[in-house]
Structure formats: structure tokens, C-alpha cells
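Report on one structure; see the data block that follows.
Naming: A, B, ... by sequence-line order, numbering from 1 per chain. Keep in mind that this is a model prediction, so the values were computed, not measured.
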Number of protein chains: 2
Amino acid sequence: MTTTKTKKGAAALPLNTIVDGDCIEAMNALPAGSIDLIFADPPYNLQLKGDLHRPDNSRVDAVDDAWDQFSSFAAYDRFTQDWLAAARRLLKPNGAIWVIGSYHNIFRVGAAMQNAGYWILNDVVWRKSNPMPNFRGKRLTNAHETLIWASKEEASKYTFNYEALKALNEGVQMRSDWVLPICTGHERLKNEAGEKAHPTQKPMSLLHRVMVATTNPGDVVLDPFFGTGTTGAVAKMLGREYIGIEREANYREVAEKRLSKVRKFDKEALQVTTSKRAEPRVPFGQLVERGMLNPGEELLSMNGRHKAKVRADGTLIGDDIKGSIHQVGAKLEGAPSCNGWTYWCFKRDGKMVPIDLLRQQIRAEMTDRPN
Amino acid sequence: MTTTKTKKGAAALPLNTIVDGDCIEAMNALPAGSIDLIFADPPYNLQLKGDLHRPDNSRVDAVDDAWDQFSSFAAYDRFTQDWLAAARRLLKPNGAIWVIGSYHNIFRVGAAMQNAGYWILNDVVWRKSNPMPNFRGKRLTNAHETLIWASKEEASKYTFNYEALKALNEGVQMRSDWVLPICTGHERLKNEAGEKAHPTQKPMSLLHRVMVATTNPGDVVLDPFFGTGTTGAVAKMLGREYIGIEREANYREVAEKRLSKVRKFDKEALQVTTSKRAEPRVPFGQLVERGMLNPGEELLSMNGRHKAKVRADGTLIGDDIKGSIHQVGAKLEGAPSCNGWTYWCFKRDGKMVPIDLLRQQIRAEMTDRPN
DNA sequence: ATGTAGTGTGAATCAATAA
DNA sequence: TTTATTGATTCACACTACA
């Protein structure tokens, strides 16, 4: 648990360890621009007044720990600004952050993130499939929490594994509302007395989705409010490097024990569906160079309305319009843009075949990449 | 439309009318402590860059109206503070407010509400059953908006019709996430040219739920950003009094016309919130996220002839074939299609168990209504 | 070197309603 | 039955030329 690797060209990072200390001081001690993703579950600043009882008179074990107490909105805002600034310094230019919270704190946190220069990409609703009911019937069942996903700045080229998430969602685009159960059963860590080890342990499924969505294997993930280490456990399983910061010795101990038992999934399983965008670019001219299409050959538009001739340099000419497969397609259709690969077809055995098929042939010949 | 009743012991209110003017000035002209509920749909402060096109090259008709433009966060915050203060003055001591927004503005609005002394009761997620997709595949589908429900102050004895909401929700406590379709079809108001009359018309079902939950018949409901008057229409139907404020003559005109046609207790309108139930769709990836199956684990086909490994994103890999449980099953069997849920099994206690069993477990846990 | 503006290529959609 | 339309959107990126 105390392995500290040194990355090529970067200052030493305490990878795969739990740092003891206050999160702001600990973050300030780490090298700037070294972190790919931050996952933060800061204190919610709950303001509970008295005990809450269930209809059967049993007492609800609520969050009333000292670390969740702030004297005022101003004090909470100051704390929030400070840790968000420290976190932002640590992020690589293309790094990103996730913060989770409830209505008690998330609006203040979100506004502070915008003020600090973070660029919000989505807010995500974690819809709990098994929330605690509102026993008194005075409000709606508080059945969700909110996550904010933001990049370090507007210009950041953040990681988003679109296809992997689409795959996770049975082939349709993943939405901003996620239905996942809260952490219960044997996933919920208990102490010797059988009490829950941490009052707000997050489910691994939530972290799993966050990391599959916005990190790649080998990325460095920091959790400044580590608690019992759910972030670390999922990072380790998924082949990401983690750094945890936690000031309570008790939580650190539970987390250490937990992490020592986690094993990484094998490499093949960690591979994830990638998008076409990541596939090697094939210039249209290559189809001509390779003789898959001949200069002078005629292409037909998908809808059959237009024709164009292939020229030796990989451009098309049709109706006096010359240019790339995309340009000519767009002009003929009067559209702002056009994907020529799927627009143009050629004839083979009397059938219309899109030229994209030829591109796929070339790609298949190219070195088999793991992703 | 210009009936002005005088309530016992209260200054004259322009009940059931649309006030022409800037919302802050108009609110300041109304008597303090006279309003039961405020519903506010303020500008979202969207910051659009250029045009967005669908994959079929059609242009998305985005919200780019002048009323949604602010020069900076500071300008937006000032505006927000001002209208929230004016609104709070109007509320009765036990009055309440609803504000709707998206991630562009809702965090700033929520923080400003807390700073102004409002007491947040719930944040509610309006989960859209038919949102616009993310065409570029660069983020999650933005499939929800957030509402904040708050009382005038912490001590307020706010209205909450617990049993009515429970009845609306088939006998179980209403949760903080509401699934409702966006406003389309004949409910969506159009101008003579057939274009939408307002870019962001809210569905009546949403207002219906808000008013059933937090007002009583005869209550006075104020909407300072009236638009085409959905708040007024629902208030009238449900026997509440409304006051609208709207500065755009065009919207006022559409709203007047609309409201003149609305009749109280229109049965058809009351049925808006009821909808069909379907079996919730469970993506296979959720079994992986939730640890019911692990990446790298082997699945066997029902007939025992094929094997495949589970990957972290919920796809399978077997004999170099990658894809969904359905795709891989179909390929391996040489069949046009295959129901992966009943095709694939895993081993438990030496027995072959179809993965569909795990899906049934998840469905049983889901207490939320799909529609 | 470092940054910015301009240009060329090319990737990308779900659910509901209306026609 | 099939096809067309549409909705609160902070929705690309790599490369070159030039300051």
C-alpha cells in the first residue's frame, strides 16, 4: 500500500497510497499538473436539528459527525473555495473533476466551481433505487444526489469514453440520470461492533461508471475526501492509479485493509469499446493509390440522385464541382457538411456499396491495436 | 382577464391578469406578504457557441433569444439576487417558491436563494422521457432539469399535500425525481407560421404536480417569468388564482388567448400526469457496475457450446467477437438475432444460471416508476 | 519557441409525435 | 406501416500559416 512509483519526467507522486492529513495542505504538497481526475465527496454541511425516528420509534442513525459541521454559509464557502483551488492546481490541463453533493451544499459548490474557472460538462443525477423514505411525510422522499462533472477549463480536452458508456447502456447514449442502489449489504463496510464504518459510503457502481466514462487505464485519480476508499478500490480494480487523502485515522485504517484485498481485473476485461474517431484516419486518396478505385470511375450518391467521377489525386468532380468527397457531397446536397464516406457508393456485382467499406478493409489490414 | 378581486384584509391584487413590465419593478409594485406560491422559470443564461446540426444535417433551433443573454456571471448574479429579493417580499410568511433551471444557472440560483434566507425543502429532478440527444457524442445526454422548492424562511409552515402526491404516485410516497415528457404535440403553442410560440414552454404536467403538491384551492400563485402562461393555465384549471408578469408583448398576447380558453377542472387536463407503465429496461452493463458479474468472468451459452468473457463496459468478448450480449450470441450462433438475457449463463454452486435472473433481481429492487 | 487565427476533414441521434 | 420532424446545447479537432 505504500508503493511510490516515479513517473517519467514528473515529480514523485504517492501513487496508490493514502495520505494522512488535511485535504488542502496535502493537496498543496503535491506537484501541480499531475492528476488526471479528481473525485470529491466533500462534507455536505447538513444542518440537523434533533433526532429523527422511524414510524416504529427506532432512531435514524444520521450524519452528525464533527467534520460535517460549519458555523455558517460563509465558512462553508471559504472551505469550498480553498479546496477547489488546491484541486484545480493539481489537475493536468486536460484534467477533470467530479463532485457529489445534495441540496444542502451542491448549489454553493457548483457556483464556486464556475467562479474558480472550472467548465461544467454535465450535472448528473444519481437516482437511488432504494432511498430512505421521508418518515414524517413533510416533504418529498429525497431520492437522489447530484454530481457535477467539469473540466479544468473551457478549453480542456477532457476524456469521455462515449462508446463505452453507450455499451454500458445497451447501445443507447448514456443519459444524465443514473439509477443505482445505495451502498448496503456486504459491500457496506462495518466495524467490529457491526456498525457502519462510514456514514456516507458511496456504492462502487457509481465510481465504476464515473471511471469508465472519464478515465483511461493508467490515469491518476485523486480523492481528497477518501473516507473508506471506494474511489481507490474501484481505481485499483479498473487498473487506474489512485491517491487518497484522509485525515481520520479510523477511516484510513478501514480503507487500507479494504484496498489490500482488492484485485485488478485482467487486462482484456479492462478494454472498452472505442469510437470510430479513435480509429486511424484513412485519406480517400489511398483507395485510388491502392487501386481499390480507379481514376475516372463513377461514384453514385446514396440516394441515387448524384454522380461524380474519381480523379487521380483523390478528389471528385461532378456537375462542375471539384473537391474532396465531403465537399462535393455537401455542395450537391446544399448541406453545410457531409460525410463522404457514407454518402458515396460504387457498383460491385450490380449492387451499391458505400466506399466506407473500402476504408474498413484498409483499417483491418493495419496493425491490430488493442483498443 | 382583468378581473381584480379584493381579498379580505389585503391590498388589491391584480388577480388572474398578466402584468406588463419588468419582473422586478412589477413585483415591487405589488403589496408585501400577499402571495402563497411563486413559480419562477428565469433565463438560464445559456452560452451557445455556434450552430449545432443533427447527423442528418438539419439545424437545431436553439434558444438564442436576447432575454437569455447576460454579459457575465456577475451580471447574472445581480439580476438573480434582485428578483429573488423582490419575490421574497411578496410571499406570505408561510409562502413558498419553486425555481427551475439547468446546470448553466441552477447552482448560482440555489446559492442565491440560500443567501437570501429562503429555506430549501427539496431539490427535484425533472427527468425528461424524451430529451434531445447529444449529437456529437461528447457528453452525456442532458436529460433532466432541476427544480428547487423552498419556503420563505426556515420557520415557515409551508403547504405540502402529502396524501395527494402519494395518490398521484400509485400509493407510494412521491420521490424527488419526476419522470415527465417535454412539451410537444398540440400542447405546444405555435404561431401563425407554425413555429413554436416560445422556445422553452414547460409541460402542464410539471406545473400540475407542483400545484397539487404545494398549494390549496384559492391560493394566489405568482409567475414573474410568465412566458406563454403555463402556470396561469394550470392554476386556472385547478381553481387557484394566478398573477403573471411578462415584458414581451408577443408572449402576453399568446398567453391571454390561451388562458381565455382554459376552463376550471377540465377533467382531461387532470389526466395529464397519469401514464402507462412499462417494465424498466435494465442494461447488461449494470450487472457489471453493480458487481453481480465481474470483468473477466466467463459466461457460457445455454447450449454449452460457446464461452465469452465479460468486459468492464458491459460488452462481451468471445472467439475474437466483441459486442453486446445479444450481438455476440447472435454471431456465435450464426443467427440474425439472439436474446442474450436468456442465452448466456454463469456458474453458481456448480449450476448454470441464466443472467436474466440477475436482471430480475435488479427489477425487483427498483421502486421507481419508469414513466 | 509560443500562441492564435484560419482552414480542411469528418464524426454524430433518442423518443415521441405528425404526416 | 413507414418516414419525417424536433426538443433550454455551454456538442471537433488537427493542422498550417503567421505574428
Short side-chain N/O contact to D:dT10 OP1/OP2 from B:N142, under 4.0 Å: yes
Nucleotide nearest A:Y162 (side chain, heavy atoms from C-beta), chosen from C:dA16, D:dC11, C:dT13: C:dT13
Rounded distance in Å - CZ (B:R188) to P (C:dT17): 14 Å
Non-hydrogen side-chain atoms of A:F39 and A:L147 separated by less than 4.5 Å: yes
Watson-Crick or G-U wobble partner of C:dT13, both distances under 3.5 Å: none
Check: C:dA11 base within 3.5 Å donor-acceptor of B:R136 side chain: yes
Ring geometry between B:F70 and B:Y76 (parallel below 30°, tilted from 30 to 60°, perpendicular above 60°): perpendicular
Atom-to-atom span, CE of A:M113 to P of D:dT10 - whole angstrom: 16 Å
Complementary nucleotide for D:dA19 - Watson-Crick or wobble, under 3.5 Å: C:dT2
D:dC11 base stacked by B:F135 (centroids within less than 5.5 Å, tilt under 30°): no
Per B:I182 side chain, nearest of listed nucleotides D:dC11, D:dG7, D:dT10: D:dG7
Spacing of the P atoms in C:dA11 and D:dA8 (rounded, Å): 30 Å
Closest to side chain of B:R139, choosing from D:dA8, C:dT13, D:dT10: D:dT10
Heavy-atom donor-acceptor pair, A:R359 side-chain to C:dG10 base, under 3.5 Å: no
Anti versus syn assignment for D:dT5, with syn defined as within 90° of 0: anti
Closest nucleotide among C:dA11, D:dA8, D:dT6 to the B:E145 side chain: D:dA8
Residue whose nearest DNA chain C nucleotide is more 5′ - A:I325 or B:P131: A:I325
Partner nucleotide of D:dC11 by Watson-Crick or wobble geometry (both distances under 3.5 Å): none
Nucleotide nearest A:H326 when distance is taken to its side chain, options C:dT13, C:dG10, D:dT10: C:dG10
Separation of the C1' atoms in C:dT9 and D:dT10, to the nearest angstrom: 25 Å
Nearest-nucleotide pick for B:S58, side chain only, options being D:dT6, D:dA8, C:dT13: D:dT6
Sugar-phosphate, base or nothing in reach of A:V172, heavy atoms under 4.0 Å: sugar-phosphate
Whichever of A:F284 and A:K166 has its nearest DNA chain C nucleotide further upstream toward 5': A:F284
Pair B:N57-A:E333, side-chain donor/acceptor within less than 3.5 Å: no
Candidates C:dA18, C:dT13, D:dT10 - which lies nearest the side chain of A:Q114: D:dT10
Pairwise P distance, D:dG7 and C:dA12 [rounded to whole Å]: 24 Å
Sugar-phosphate, base or nothing in reach of B:D41, heavy atoms under 4.0 Å: base
